[in-house]
Number of protein chains: 2
Amino acid sequence: MRDLSRASGISLAGLYYYFDSKERMLFLIQKHTFTTIVQRLNARLLGVSDPEQQVRIFILNHLEYFLANQAAMKVLSHEAEALNNGFASDLAAIKREYYRTCVGLLDELKRDRGLQFSTRIAVLSLFGMMNWIYTWHNPRIDADAKQLASEMSDIFLRGVMTGGKVRR
Amino acid sequence: MRDLSRASGISLAGLYYYFDSKERMLFLIQKHTFTTIVQRLNARLLGVSDPEQQVRIFILNHLEYFLANQAAMKVLSHEAEALNNGFASDLAAIKREYYRTCVGLLDELKRDRGLQFSTRIAVLSLFGMMNWIYTWHNPRIDADAKQLASEMSDIFLRGVMTGGKVRR
DNA sequence: GCGATAATCGAACGTTCGTTCGAACATAAG
DNA sequence: CTTATGTTCGAACGAACGTTCGATTATCGC
């Protein structure tokens, strides 16, 4: 809170005039972040019907936001469980919706292409690939979000789309 | 430190008889952990020459240790940057060796199969898939390390081994 | 049994953190 | 101008944290 006070130019006590507590502040930031990501995703998904293309859009949308707000995402990843039950459950609903969206896209891909893999493991592996980026991405070395999203999409989509055809 | 005191039955002051500081303690834990993983990996890699099999072993070794010490790995992932420069550089050397090992395996796979992909992105994506597991793995729901390693290996290896053949 | 060294601990110190309080100041309506 | 309401802040509180100190107790060679 003292860091935020210094950075914002508002006195420490002043912050508490606008925010009930540090925890509620963190909650509002997280809620805003996830809501924004979900909104952008839904907007980009409109009019796209090819399941593979939808997954590529999901990955691009996720990485773009993560890289544009890298410092913030680092905090969010670290403080994911720092909220009391009241706040946590509210947030869990939004996260769950986002997770379910990804599950939906992959299930549709599976059905459309007659594939066979564990959706849960695939989704969580994908989130791992994407979320881990905050630990290593270096703007001076690594490519931009579009390029990285393309490479990760290639790895992931080939991974789930190759070999595991279901018998008809 | 008070938690460790309670959990270990040693008084708070007693801990400082054995460890210089909390930071040094964290450093020793991290060093021991990574050294153990590297040792086990090298032992398992002996006598295996097929690059694909080597990568599968790498993944299995990593996941087995992560799941067997899930709580510890959660701490390590969170405190990765909590060390002062003196300790951090010592640890970075070990981590770098582990990272380089994985790069070596993938480069060999690439050469052996004539593939074409960014080793850096592939390795870091793989680490993301594997390390993220501490955020979601539930022993009551999810399969064991061997099974998970197999599924992740399938996704990852198909991902990097499909499509990107180099022109000869 | 005795002295020396090792091991253990309760109590405290100084700092940092989230939070609150009361006063000071600004703003605008009557 | 007065009064009520909104805004801002310095100063402090109580708790938690990493760490240290001095004293007490165990261990062991002689």
Side-chain angles (χ1 to χ4, degrees), chain A residues 1-37 65-66 69-96 131 134-135, chain B residues 1-37 65-66 69-96 131 134-135:
Chain A
M1 296 302 283
R2 281 167 176 84
D3 286 345
L4 294 178
S5 163
R6 202 176 311 116
S8 66
I10 301 173
S11 73
L12 185 58
L15 287 180
Y16 281 87
Y17 180 74
Y18 292 102
F19 300 98
D20 301 343
S21 67
K22 174 192 164 187
E23 201 179 9
R24 176 152 174 80
M25 209 169 170
L26 180 58
F27 165 73
L28 289 172
I29 295 174
Q30 296 211 34
K31 184 169 182 173
H32 174 264
T33 298
F34 279 103
T35 305
T36 303
I37 293 184
Y65 199 91
F66 256 56
N69 308 71
Q70 195 168 3
M73 301 318 289
K74 192 178 234 165
V75 173
L76 293 205
S77 295
H78 272 237
E79 311 277 308
E81 303 171 6
L83 295 175
N84 276 351
N85 288 343
F87 293 132
S89 63
D90 237 41
L91 242 189
I94 307 179
K95 288 191 189 176
R96 181 137 196 89
N131 290 343
Y134 82 85
T135 65
Chain B
M1 296 303 281
R2 282 167 175 85
D3 286 346
L4 295 177
S5 163
R6 202 175 310 116
S8 65
I10 301 173
S11 73
L12 186 57
L15 287 180
Y16 282 88
Y17 180 75
Y18 291 102
F19 300 97
D20 301 344
S21 65
K22 174 193 164 185
E23 201 178 8
R24 177 152 174 79
M25 207 170 169
L26 180 58
F27 165 73
L28 290 173
I29 295 174
Q30 297 211 35
K31 185 169 183 173
H32 174 265
T33 297
F34 280 103
T35 305
T36 303
I37 293 184
Y65 199 90
F66 257 55
N69 307 71
Q70 193 169 5
M73 301 319 288
K74 191 179 235 166
V75 174
L76 294 205
S77 295
H78 272 239
E79 312 278 307
E81 302 169 8
L83 295 175
N84 276 351
N85 288 343
F87 293 132
S89 62
D90 237 41
L91 240 189
I94 308 179
K95 287 191 190 176
R96 180 139 197 87
N131 291 343
Y134 81 84
T135 66

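Given the structure is predicted, the values throughout are model-derived calculations rather than measurements. Lettering follows sequence order; numbering is per chain, from 1. All values below come from the heavy atoms of this structure, side chains included, with hydrogens, waters and symmetry mates left out.
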#### Entry: Rounded interatomic separation in angstrom, taking CZ from A/Phe19 and P from D/dT7
13 Å
### Query
Any side-chain N or O of A/Tyr17 less than 4.0 Å from the OP1 or OP2 oxygen of D/dT7?
yes
### Summary
Rounded to whole Å, CG of B/Leu4 lies from P of D/dC17 at a distance of 11 Å
### Query
So do B/Leu15 and B/Leu4 actually touch side chain to side chain, heavy atoms under 4.5 Å?
yes
### Query
Atom CD1 of A/Ile10 and atom C1' of C/dT19: how far apart are they, to the nearest Å?
17 Å
### Message
Rounding to an integer number of Å, can you tell me how far A/Glu23 CD sits from C/dC17 P?
### Response
17 Å
### Task
For the side chain of A/Lys22, starting at C-beta, report the closest nucleotide among C/dC9, C/dT19, D/dT19.
C/dT19
### Non-hydrogen side-chain atoms of B/His32 and B/Thr36 separated by less than 4.5 Å
yes
### Summary
Quick note, B/Ala13 side chain, CB onward, closest among D/dT19, D/dC21, D/dA11 is D/dC21
### Task
Between B/Met1 and A/Arg2, just flag the one whose closest nucleotide in DNA chain D comes earlier from the 5' side.
A/Arg2
### Message
Just to be sure I understand the rule, does B/Leu12 reach a base, reach only the sugar-phosphate, or reach nothing, if contact means heavy atoms closer than 4.0 Å?
### Response
base
### Message
Distance check, rounded to the nearest 0.5 Å: B/Thr33 atom OG1 versus B/Phe66 atom CZ?
### Response
9.0 Å
#### Entry: Distance below 4.0 Å between B/Tyr16 side-chain N/O and D/dT20 OP1 or OP2
no
### Query
On DNA chain C, nearest-nucleotide positions of B/Ser11 versus A/Asp20: which is more 5'?
B/Ser11
### Message
Any non-hydrogen side-chain atom of A/Phe27 less than 4.5 Å from a side-chain atom of A/Glu23?
### Response
no
### Any A/Tyr18 side-chain nitrogen or oxygen under 4.0 Å from OP1 or OP2 of D/dT7
no
### Query
Over how many whole Å does the gap from B/Met25 atom CE to D/dC17 atom P extend?
15 Å
